[in-house]
Student: 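Following this message is one structure expressed as structure tokens.
Everything numeric here is computed off the predicted structure, so don't read it as measured data. A note on names: the letters A, B, ... follow the listed sequences, proteins ahead of strands, and every chain is numbered from 1.
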Number of protein chains: 2
Amino acid sequence: MTKINDGKTTEAPTMNDVARRAGVSAMTVSRALKEGSHVSSATRERITRAINELGYVLDQSAGSLSSRRTGFVAAIIPSINNSNFSDTARGITDALEGTGLQLLLGYTNYSVEREEELIEAMLRRRPEGIILTGGSHTPKGRRMLEQAGIPVIETWDRPAQPIDKVVGFSNGEAMELLVETLARKGYRRFGYIGGVTARDTRGSQRRAGFVRALERLGLSSDRVISFGVPPISMEQGAQAVVSMLERWPDTQVALCVSDLSAFGALMECQRRGLKVPQDIAIAGFGDYEIAACCHPRMTTVNVDCYGIGRQAALKLTQTIQAQSPGTPEPVTLTGFRVIEREST
Amino acid sequence: MTKINDGKTTEAPTMNDVARRAGVSAMTVSRALKEGSHVSSATRERITRAINELGYVLDQSAGSLSSRRTGFVAAIIPSINNSNFSDTARGITDALEGTGLQLLLGYTNYSVEREEELIEAMLRRRPEGIILTGGSHTPKGRRMLEQAGIPVIETWDRPAQPIDKVVGFSNGEAMELLVETLARKGYRRFGYIGGVTARDTRGSQRRAGFVRALERLGLSSDRVISFGVPPISMEQGAQAVVSMLERWPDTQVALCVSDLSAFGALMECQRRGLKVPQDIAIAGFGDYEIAACCHPRMTTVNVDCYGIGRQAALKLTQTIQAQSPGTPEPVTLTGFRVIEREST
DNA sequence: CCCGCGTATGTTATCGCTATCATCCAAAAG
DNA sequence: CTTTTGGATGATAGCGATAACATACGCGGG
């Protein structure tokens, strides 16, 4: 941007301007702006006044270049529109509160290529740590992360070969638990509604868990509807349940890759006059707000999205201040639990 | 952070390391990394190889200090968990794609004090522009924005005294239109369900619009239930509709400050065996995905959240490259329209 | 054969801040 | 009264990149 000085656009004041006005050196201003530095209260007050008079705002780019600490933490999630992931982002932000670290958030739209671009864009900003969703990355992305020399936390998953630290759970096991819970309740003919691509690795793992659990129980795992690419929409769930009922009219319970598709399915059933759970039972995954509020209330798996974010950020800050004796555990398993409600 | 060199942690390579390895000067490396600079293809290739061998990643903090362009755009939204606002964030990101600008996102939890903190935190990063939600700020926040010397875009609203540019709509008028539309359909006894505080300024304006429209029509605007602070939850809508039906059992249609509370209300009515819209009609605001998918499908007001974000970002980039003849219009009004569905 | 010009590259000087070391001084300790 | 100590402040030197200017070179026209 070529700054045309039109008379009113004065150059932004720098720390030197503040120092001059307060009659101190720039170094003292710098100290006054940092917590826990020794600056006499009289000086501090003069500096504060000068700052207010000039409307000075610290330039952190310059500061971080000098101090070699940017104060950034990067986080990459698949989608900002999915409240499960935005809950995780909220958990990260909340845990970062008061640490002086600021979140740099990016989202991939479930694309590893986009993730790779984002990783590079983020690393250019020299974050002090990075939090990722899942354990699937491009080779180049993985290499960049390994070489970055900062803590890396993979979340929402249990990667077979973690890059560094992990805060997550097994999506497959969680789905297995849901199947087992419902089987114990007497259901026998299970259907699954999920995305068609492998882009959503957590979705694939849930489906794999569905199949494993049914095989173990000696039940059929054939009733699977694949309905399109992420991001998962409610509408897709509505269409999918129709296909399912056409192909396998005897399906007793439809498990969905997410509460969102489950909700779409639930509403579609009501629209067609089917009673849930009498005619067909429906369960979701994720325990979104909607699952607790819809009618009938939805059975689902709660996976503590917010806690994943919180714990990831905590592990990150602990690792950054790594002088502590017990370096944080490499893997933190977060809990999941089936929440049985009226829809099953 | 004191970096203890434990043997494996080598210092990250700098541009000079790349330059030395490629047998050129740092400046040439810098040029090779920037589009549209003259670097011979042989040299460029040597540099690229050196970069890959060293695993070099550009340090943009340092670059922006020198070039006085950070490549950041700041955006502040009330909540990351509300899909209306995250749609706006998506619109911003998408419009920024390819411009070399990166989004720095923060959210306030509907608190102007938190907004003030965020404004300062963002300005410390020297963004090239800033996008805000709404026109309510603390005096200090406003002053900082005015003095920042960068384009400021207020969105989602029509502030009486804009700081700079605006991309938004009148929440009051939108609600008026909804009331009028439903009145034309024959409804006479309107109720309103909204938050209790003034923190959510858009919510207050919608309520004001509700009252204005009914007064103009000569109808009662007394049936108002206030149910708690933002963020708005579905559950609050469920509770509020119960209160409403207790206090004003004759209510014909309940307008809600948001689709989320409307949905909660809708489900609660079904739970109680009330038929929507026969026993009570319900309408929301925002046209969330849920409104199009629930049963019965919900009447609401679409306000093009994504478009607000896109247009705000476009206006921002146009203003930044302000050499163009027609500086962008100060105010862009985005459209809204009532979407009539089955719930009314 | 020289001049001019545009492309390719190098040199130098910051950008605004903070780490580090040096200095000064008053109060506590001996 | 001297020495020690530590708080308060200043001077200096970069952090890693890029803007701006300088230089070198090749090629076509006069």
Student: Return the nearest nucleotide to the side chain of A:Thr28; candidates are D:dT9, D:dG16, D:dT18.
Tutor: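 Of the candidates, D:dT9 comes closest.
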Student: Grab the CZ-C1' distance between A:Arg124 and D:dA17 for me, whole Å please.
Tutor: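 Taking atom C1' of D:dA17 as the reference, CZ of A:Arg124 is at 13 Å.
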Student: Should the side chain of A:Arg68 and the base of D:dG16 be counted as holding a donor-acceptor pair, with the cut-off at 3.5 Å?
Tutor: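 Absent.
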Student: Could you check whether the side chain of B:Arg31 and the base of C:dG10 have a donor-acceptor pair of N or O atoms closer than 3.5 Å, going by distance alone?
Tutor: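 Answer is yes: a donor-acceptor pair is held.
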Student: Considering only C:dC17, D:dA8, D:dG16, which nucleotide approaches the side chain of B:Thr14 most closely?
Tutor: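 Among C:dC17, D:dA8, D:dG16, the one nearest the side chain of B:Thr14 is D:dG16.
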Student: Quick one: does NZ or CZ of A:Arg21 land under 6.0 Å from the six-membered ring centre of A:Tyr56, within 45 degrees of the ring axis?
Tutor: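 A:Arg21 over A:Tyr56 ring: no.
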Student: Mind checking if A:Ser64 touches a base, just sugar-phosphate, or nothing, with heavy atoms under 4.0 Å?
Tutor: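 No contact at all - A:Ser64 keeps every heavy atom at 4.0 Å or more from the nucleic acid.
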Student: Of all the nucleotides listed (D:dA8, C:dC17, C:dG10), which has the minimum atom distance to the side chain of B:Val24?
Tutor: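 Of the options given, the side chain of B:Val24 lies nearest C:dG10.
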Student: Should the pair B:Glu329-B:Lys315 be classified as a salt bridge under the 4.0 Å nitrogen-to-oxygen rule?
Tutor: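 No, no charged N to carboxylate O under 4.0 Å.
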Student: Under the criterion salt bridge (charged side-chain N to carboxylate O under 4.0 Å, His left out), I'd like the reasoning laid out for A:Glu146 against A:Arg143: C-alpha separation, chi angles, the key distance, then a yes or no.
Tutor: CA-CA 5 Å; A:Glu146 286 165 347; A:Arg143 199 175 336 117; over 6 Å; no
Student: Take B:Leu65 and B:Gly23, find for each the nucleotide of DNA chain C with the closest heavy atom, and name the residue whose nucleotide sits nearer the 5' end.
Tutor: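 Of the two residues, B:Gly23 wins.
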Student: Would one find a side-chain N or O of A:Tyr56 under 4.0 angstrom from OP1 or OP2 of C:dG16?
Tutor: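 Checking C:dG16 against A:Tyr56, no side-chain N or O comes under 4.0 Å of OP1 or OP2.
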Student: Between the base of D:dG14 and the side chain of A:Ser66, is there any donor-acceptor pair under 3.5 Å?
Tutor: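 Yes, a donor-acceptor pair under 3.5 Å.
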Student: Using only heavy-atom distances, decide whether a donor-acceptor pair under 3.5 angstrom links the side-chain of A:Ser67 to the base of C:dT18.
Tutor: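 Check fails, no donor-acceptor contact within cut-off.
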Student: Looking at B:Phe72, is A:Arg125 sitting on its ring face, NZ or CZ under 6.0 Å from the six-membered ring centre and within 45 degrees of the normal?
Tutor: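 Pair A:Arg125/B:Phe72 counts as cation-pi.
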Student: Does B:Thr43 reach a base, just sugar-phosphate, or nothing at all? Heavy atoms under 4.0 Å.
Tutor: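 Sugar-phosphate: the residue B:Thr43, judged by heavy atoms under 4.0 Å, touches backbone atoms but no base.
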Student: Among D:dG16, C:dT18, C:dA8, which is the nearest nucleotide to the side chain of A:Met27?
Tutor: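 For A:Met27, the side-chain atoms sit closest to C:dT18.
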Student: Mind checking B:Ser25 for me? I need base, sugar-phosphate or nothing, with any heavy atom below 4.0 Å counting as a touch.
Tutor: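 Base: the residue B:Ser25, judged by heavy atoms under 4.0 Å, touches a nucleobase.
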